[in-house]
Amino acid sequence: MPQKTPLLYSFRRCPYAMRARLGLQSSHQLCELREIVLRDKPSEMLEASPKGTVPVLVLSNGDVLEESLDIMLWALNQHDPENWLTPEIGTFDEMLVLIHRCESEFKGHLDRYKYAPRYEEDVDPIAHRTQAENFLGELDKLLVKNSFLFGGRRSLADMAIAPFIRQFANVDRAWFDQTGYPHLKSWLYEFLDSSRFKTILKKYPVWATGDPVTYFPEQPIP
(Lines give C-alpha, C1' and ligand atoms only; values in the text may rest on other atoms or scores of the structure.)
Protein backbone atom coordinates (compact mmCIF):
# COMPACT_ATOMS: atom_id res chain seq x y z
CA MET A 1 0.00 0.00 0.00
CA PRO A 2 1.54 3.38 -1.01
CA GLN A 3 2.66 5.86 1.61
CA LYS A 4 0.18 8.69 2.12
CA THR A 5 3.10 11.01 2.94
CA PRO A 6 6.58 10.94 1.38
CA LEU A 7 9.11 9.13 3.54
CA LEU A 8 12.53 10.68 4.15
CA TYR A 9 15.55 8.75 5.40
CA SER A 10 18.03 11.31 6.69
CA PHE A 11 21.18 11.77 8.77
CA ARG A 12 21.40 15.05 10.66
CA ARG A 13 25.01 16.02 9.96
CA CYS A 14 25.26 14.93 6.33
CA PRO A 15 25.41 18.02 4.06
CA TYR A 16 23.49 16.23 1.32
CA ALA A 17 20.71 15.40 3.77
CA MET A 18 20.80 18.96 5.11
CA ARG A 19 20.08 20.47 1.74
CA ALA A 20 17.30 17.99 1.06
CA ARG A 21 15.67 19.03 4.34
CA LEU A 22 16.13 22.70 3.40
CA GLY A 23 14.24 22.13 0.15
CA LEU A 24 11.44 20.22 1.85
CA GLN A 25 11.20 22.90 4.51
CA SER A 26 11.02 25.80 2.06
CA SER A 27 8.39 24.05 -0.06
CA HIS A 28 6.31 23.21 3.04
CA GLN A 29 6.37 19.59 1.85
CA LEU A 30 5.38 17.42 4.80
CA CYS A 31 7.12 14.07 4.99
CA GLU A 32 7.66 11.27 7.45
CA LEU A 33 11.19 11.60 8.82
CA ARG A 34 13.31 8.59 9.69
CA GLU A 35 16.63 9.64 11.21
CA ILE A 36 19.29 6.96 10.78
CA VAL A 37 22.88 6.29 11.78
CA LEU A 38 25.19 5.41 8.91
CA ARG A 39 26.84 2.48 10.68
CA ASP A 40 23.49 0.74 11.22
CA LYS A 41 21.25 1.45 8.25
CA PRO A 42 17.70 0.10 8.56
CA SER A 43 16.71 -2.70 6.22
CA GLU A 44 13.68 -0.69 5.07
CA MET A 45 15.98 2.03 3.75
CA LEU A 46 18.29 -0.45 2.01
CA GLU A 47 15.30 -2.13 0.41
CA ALA A 48 14.16 1.21 -1.01
CA SER A 49 17.68 2.31 -1.98
CA PRO A 50 20.34 -0.44 -2.03
CA LYS A 51 23.20 2.04 -2.51
CA GLY A 52 22.78 2.91 1.16
CA THR A 53 23.46 6.65 1.18
CA VAL A 54 21.31 9.47 2.54
CA PRO A 55 19.08 11.21 1.84
CA VAL A 56 16.46 8.90 0.37
CA LEU A 57 12.92 10.10 -0.32
CA VAL A 58 10.22 7.51 -0.99
CA LEU A 59 7.32 9.26 -2.70
CA SER A 60 3.67 8.44 -2.10
CA ASN A 61 3.49 6.67 -5.48
CA GLY A 62 6.44 4.44 -4.59
CA ASP A 63 9.05 6.26 -6.66
CA VAL A 64 12.40 6.71 -4.92
CA LEU A 65 14.64 9.78 -5.10
CA GLU A 66 18.21 8.96 -4.09
CA GLU A 67 20.00 12.26 -4.80
CA SER A 68 19.69 15.31 -2.59
CA LEU A 69 19.46 17.80 -5.46
CA ASP A 70 16.67 15.72 -7.03
CA ILE A 71 14.81 15.87 -3.72
CA MET A 72 15.19 19.65 -3.58
CA LEU A 73 13.99 20.04 -7.17
CA TRP A 74 11.06 17.68 -6.67
CA ALA A 75 9.90 19.55 -3.57
CA LEU A 76 10.32 23.01 -5.08
CA ASN A 77 8.52 22.00 -8.25
CA GLN A 78 5.54 21.12 -6.05
CA HIS A 79 5.64 24.50 -4.30
CA ASP A 80 8.28 27.23 -4.43
CA PRO A 81 7.01 30.09 -2.26
CA GLU A 82 10.46 31.72 -1.98
CA ASN A 83 11.18 31.46 -5.72
CA TRP A 84 14.38 29.51 -5.22
CA LEU A 85 14.12 28.15 -8.77
CA THR A 86 13.90 31.61 -10.35
CA PRO A 87 16.95 33.61 -9.24
CA GLU A 88 16.91 37.37 -9.14
CA ILE A 89 20.14 37.47 -11.20
CA GLY A 90 21.19 34.83 -13.71
CA THR A 91 19.35 31.69 -14.73
CA PHE A 92 18.30 28.35 -13.33
CA ASP A 93 20.86 26.61 -15.56
CA GLU A 94 23.64 28.86 -14.25
CA MET A 95 22.69 27.87 -10.72
CA LEU A 96 22.91 24.20 -11.66
CA VAL A 97 26.38 24.71 -13.14
CA LEU A 98 27.62 26.26 -9.89
CA ILE A 99 25.99 23.54 -7.78
CA HIS A 100 27.53 20.79 -9.91
CA ARG A 101 30.95 22.40 -9.57
CA CYS A 102 30.49 22.36 -5.80
CA GLU A 103 29.57 18.68 -5.93
CA SER A 104 32.48 17.69 -8.15
CA GLU A 105 35.66 19.74 -7.93
CA PHE A 106 35.07 21.40 -4.54
CA LYS A 107 33.68 18.33 -2.76
CA GLY A 108 36.57 16.21 -4.03
CA HIS A 109 39.08 18.53 -2.39
CA LEU A 110 36.92 18.92 0.72
CA ASP A 111 36.82 15.15 1.27
CA ARG A 112 40.60 14.85 0.94
CA TYR A 113 41.08 17.78 3.29
CA LYS A 114 38.65 16.50 5.92
CA TYR A 115 39.10 12.73 5.54
CA ALA A 116 42.70 12.38 4.29
CA PRO A 117 43.39 9.12 6.25
CA ARG A 118 40.54 7.38 4.39
CA TYR A 119 42.40 7.56 1.09
CA GLU A 120 44.98 4.98 0.09
CA GLU A 121 47.05 7.41 -1.95
CA ASP A 122 49.44 9.81 -0.28
CA VAL A 123 47.00 12.66 0.33
CA ASP A 124 48.19 16.07 1.48
CA PRO A 125 45.14 17.63 3.18
CA ILE A 126 46.57 21.15 3.14
CA ALA A 127 47.25 20.96 -0.59
CA HIS A 128 43.61 19.98 -1.15
CA ARG A 129 42.47 22.78 1.16
CA THR A 130 44.42 25.20 -1.01
CA GLN A 131 42.82 23.79 -4.16
CA ALA A 132 39.36 24.10 -2.58
CA GLU A 133 40.04 27.79 -1.94
CA ASN A 134 39.70 28.45 -5.67
CA PHE A 135 35.98 27.77 -5.36
CA LEU A 136 35.71 29.80 -2.16
CA GLY A 137 37.29 32.76 -3.93
CA GLU A 138 34.80 32.53 -6.78
CA LEU A 139 31.89 32.49 -4.36
CA ASP A 140 33.32 35.47 -2.51
CA LYS A 141 33.45 37.44 -5.78
CA LEU A 142 29.80 36.58 -6.51
CA LEU A 143 28.88 37.95 -3.07
CA VAL A 144 30.64 41.30 -3.41
CA LYS A 145 27.61 43.11 -4.85
CA ASN A 146 24.79 40.98 -3.48
CA SER A 147 23.95 39.26 -0.22
CA PHE A 148 23.35 35.94 -1.97
CA LEU A 149 24.91 34.08 -4.88
CA PHE A 150 22.31 35.05 -7.48
CA GLY A 151 20.97 38.34 -6.19
CA GLY A 152 19.52 39.94 -3.11
CA ARG A 153 17.53 36.92 -1.93
CA ARG A 154 18.15 33.23 -1.36
CA SER A 155 18.03 30.84 -4.26
CA LEU A 156 18.52 27.14 -4.90
CA ALA A 157 22.26 27.72 -5.33
CA ASP A 158 22.71 29.25 -1.87
CA MET A 159 20.87 26.48 -0.09
CA ALA A 160 22.39 23.63 -2.10
CA ILE A 161 25.95 24.89 -1.56
CA ALA A 162 25.91 26.31 2.00
CA PRO A 163 25.97 22.93 3.82
CA PHE A 164 29.23 22.04 2.06
CA ILE A 165 30.87 25.38 2.85
CA ARG A 166 29.83 24.81 6.48
CA GLN A 167 31.47 21.38 6.42
CA PHE A 168 34.65 22.87 4.97
CA ALA A 169 34.74 25.68 7.54
CA ASN A 170 34.25 23.26 10.42
CA VAL A 171 37.35 21.21 9.60
CA ASP A 172 39.46 24.00 11.10
CA ARG A 173 37.26 26.92 12.12
CA ALA A 174 40.14 28.98 13.52
CA TRP A 175 41.92 28.79 10.16
CA PHE A 176 38.74 29.52 8.21
CA ASP A 177 37.88 32.53 10.34
CA GLN A 178 41.17 34.23 9.50
CA THR A 179 40.92 33.67 5.72
CA GLY A 180 40.38 36.57 3.35
CA TYR A 181 36.85 35.82 2.17
CA PRO A 182 34.79 38.46 4.00
CA HIS A 183 31.70 38.25 1.81
CA LEU A 184 31.63 34.45 1.85
CA LYS A 185 32.02 34.39 5.62
CA SER A 186 29.16 36.87 6.11
CA TRP A 187 26.98 34.75 3.80
CA LEU A 188 27.86 31.55 5.67
CA TYR A 189 27.39 33.01 9.14
CA GLU A 190 24.01 34.46 8.15
CA PHE A 191 23.01 30.95 7.10
CA LEU A 192 24.34 29.32 10.28
CA ASP A 193 22.59 31.87 12.51
CA SER A 194 19.24 31.59 10.74
CA SER A 195 16.20 29.96 12.33
CA ARG A 196 15.90 28.05 9.06
CA PHE A 197 19.22 26.27 9.57
CA LYS A 198 18.73 25.74 13.30
CA THR A 199 15.37 24.12 12.61
CA ILE A 200 16.66 21.65 10.02
CA LEU A 201 19.56 20.77 12.33
CA LYS A 202 17.29 19.78 15.20
CA LYS A 203 18.18 16.45 16.78
CA TYR A 204 15.69 13.63 16.35
CA PRO A 205 15.89 10.17 17.90
CA VAL A 206 17.24 7.45 15.65
CA TRP A 207 14.34 5.67 13.99
CA ALA A 208 13.58 1.99 14.59
CA THR A 209 10.86 -0.20 13.12
CA GLY A 210 7.60 0.33 14.98
CA ASP A 211 8.45 3.80 16.28
CA PRO A 212 5.77 6.51 16.23
CA VAL A 213 5.76 8.69 13.13
CA THR A 214 7.87 11.88 13.19
CA TYR A 215 6.88 14.53 10.68
CA PHE A 216 9.16 17.05 9.00
CA PRO A 217 9.03 19.99 8.77
CA GLU A 218 7.33 20.58 12.10
CA GLN A 219 6.38 24.04 10.86
CA PRO A 220 7.39 26.08 7.81
CA ILE A 221 10.01 28.79 8.26
CA PRO A 222 8.97 32.11 6.68
Side-chain angles (χ1 to χ4, degrees), residues 5-6 8 10 14-31 33 54-61 63-107 134-168 181-201 215-222:
T5 305
L8 178 69
S10 184
C14 171
Y16 292 103
M18 283 183 195
R19 72 182 188 181
R21 296 196 303 274
L22 287 164
L24 292 163
Q25 179 196 67
S26 178
S27 68
H28 306 173
Q29 175 60 61
L30 188 69
C31 62
L33 176 67
V54 291
V56 174
L57 186 69
V58 183
L59 301 180
S60 56
N61 65 1
D63 288 347
V64 177
L65 300 180
E66 301 176 298
E67 301 293 340
S68 58
L69 186 58
D70 289 342
I71 293 172
M72 293 185 83
L73 293 174
W74 173 83
L76 295 166
N77 277 307
Q78 310 302 308
H79 185 44
D80 186 16
E82 299 181 85
N83 297 312
W84 285 8
L85 300 181
T86 53
E88 188 177 72
I89 296 172
T91 67
F92 174 76
D93 287 340
E94 288 171 336
M95 290 197 298
L96 289 185
V97 168
L98 191 65
I99 293 166
H100 289 147
R101 288 190 56 214
C102 175
E103 294 173 338
S104 55
E105 57 191 78
F106 177 73
K107 187 63 164 64
N134 292 329
F135 189 67
L136 301 187
E138 291 184 37
L139 296 185
D140 194 68
K141 288 178 182 177
L142 288 175
L143 294 163
V144 169
K145 293 183 179 180
N146 299 289
S147 300
F148 298 96
L149 294 173
F150 285 80
R153 58 173 171 80
R154 295 177 185 86
S155 69
L156 177 71
D158 297 282
M159 309 316 278
I161 292 173
F164 297 96
I165 306 302
R166 171 189 178 271
Q167 187 180 50
F168 180 89
Y181 308 109
H183 309 289
L184 177 67
K185 286 187 283 189
S186 294
W187 169 85
L188 177 64
Y189 299 153
E190 186 277 337
F191 171 70
L192 297 180
D193 288 340
S194 67
S195 58
R196 176 190 308 272
F197 175 70
K198 291 173 182 176
T199 300
I200 69 106
L201 207 62
Y215 288 107
F216 177 89
E218 295 179 2
Q219 61 183 27
I221 299 296

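Everything numeric in this text was worked out from a predicted model, so none of it was measured.
Annotation: side-chain hydrogen bond (donor to acceptor under 3.5 Å, both in side chains) contacts involving residues 67-78, sequence neighbours excluded, comprise Arg19-Ser68, Lys51-Glu67.
Ring geometry, Phe106 versus Phe168: the interplanar angle falls from 30° to 60°, so the pair is classed tilted. Ring-plane geometry between Tyr16 and Phe164 is classed as perpendicular, the angle between the planes exceeding 60 degrees on a 0 to 90 degree scale with a lower cut at 30.
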Are Leu85 and Leu73 close enough, and set up right, to give a side chain to side chain contact (heavy atoms under 4.5 Å, CB included), and what steps lead you there?
CA-CA 8 Å; Leu85 300 181; Leu73 293 174; 3.8 Å; yes
Report the C-alpha distance between Arg21 and Thr199 in whole Å, list the side-chain angles of each, state the deciding distance to 0.1 Å, and finish with yes or no for side chain to side chain contact (heavy atoms under 4.5 Å, CB included).
CA-CA 10 Å; Arg21 296 196 303 274; Thr199 300; over 6 Å; no
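Between Leu57 and Val64 there is no side-chain heavy-atom pair separated by less than 4.5 Å. Arg166 is listed as a side-chain neighbour of Leu201, based on a closest heavy-atom distance under 4.5 Å. Taking 4.5 Å as the limit, every side-chain heavy atom of Leu143 sits out of range of all side-chain heavy atoms of Tyr181.
Closest of all the heavy-atom pairs between Arg153 and Asp158 is O-OD2, 4.1 Å. Among all heavy-atom pairs drawn from Gly152 and Glu88, the shortest one is N-OE1, 2.5 Å. Considering every non-hydrogen atom in both Pro55 and Ala20, the closest pair reads CG-CB, 3.7 Å. Looking at every heavy atom in both residues, Trp187 comes nearest to Ala162 through CH2-CA, 3.6 Å. Nearest approach of Gly151 to Ile89, heavy atoms of both residues: CA-CD1, 3.7 Å. What you find for Phe148 and Glu190 is that their closest heavy atoms are CE2-OE1, 3.9 Å.
To the nearest 0.5 Å, the span separating CG on Leu184 from CG on Leu149 amounts to 8.5 Å. Atoms CD and CD1, on Gln29 and Ile71 in that order, are 11.5 Å from each other to the nearest 0.5 Å. Between atom CG of residue Leu192 and atom NZ of residue Lys198 there is a gap of 9.5 Å, rounded to the nearest 0.5 Å. Residue Phe197 holds its CZ atom at 8.5 Å from CG of Leu188, rounded to the nearest 0.5 Å. Here CG of Leu76 is found 8.5 Å from CG of Leu24. Values are rounded to the nearest 0.5 Å. We find the CZ-CZ distance between Phe92 and Phe150 to be 11.0 Å, quoted to the nearest 0.5 Å.
Shown here are the side chain to side chain donor-acceptor pair (under 3.5 Å) partners of Lys185, two or more places apart in sequence or in another chain: there are none.
Side chain of Ser26 to main chain of Leu22: no donor-acceptor pair is present (N/O by atom type, distance under 3.5 Å, no hydrogens or angles). Between the side chain of Ser194 and the backbone N or O of Phe191, at least one donor-acceptor pair lies under 3.5 Å.
Tested against His100 for a side chain to side chain contact (heavy atoms under 4.5 Å, CB included), the candidates Leu98, Val97, Leu96 yield a single pass: Leu96.
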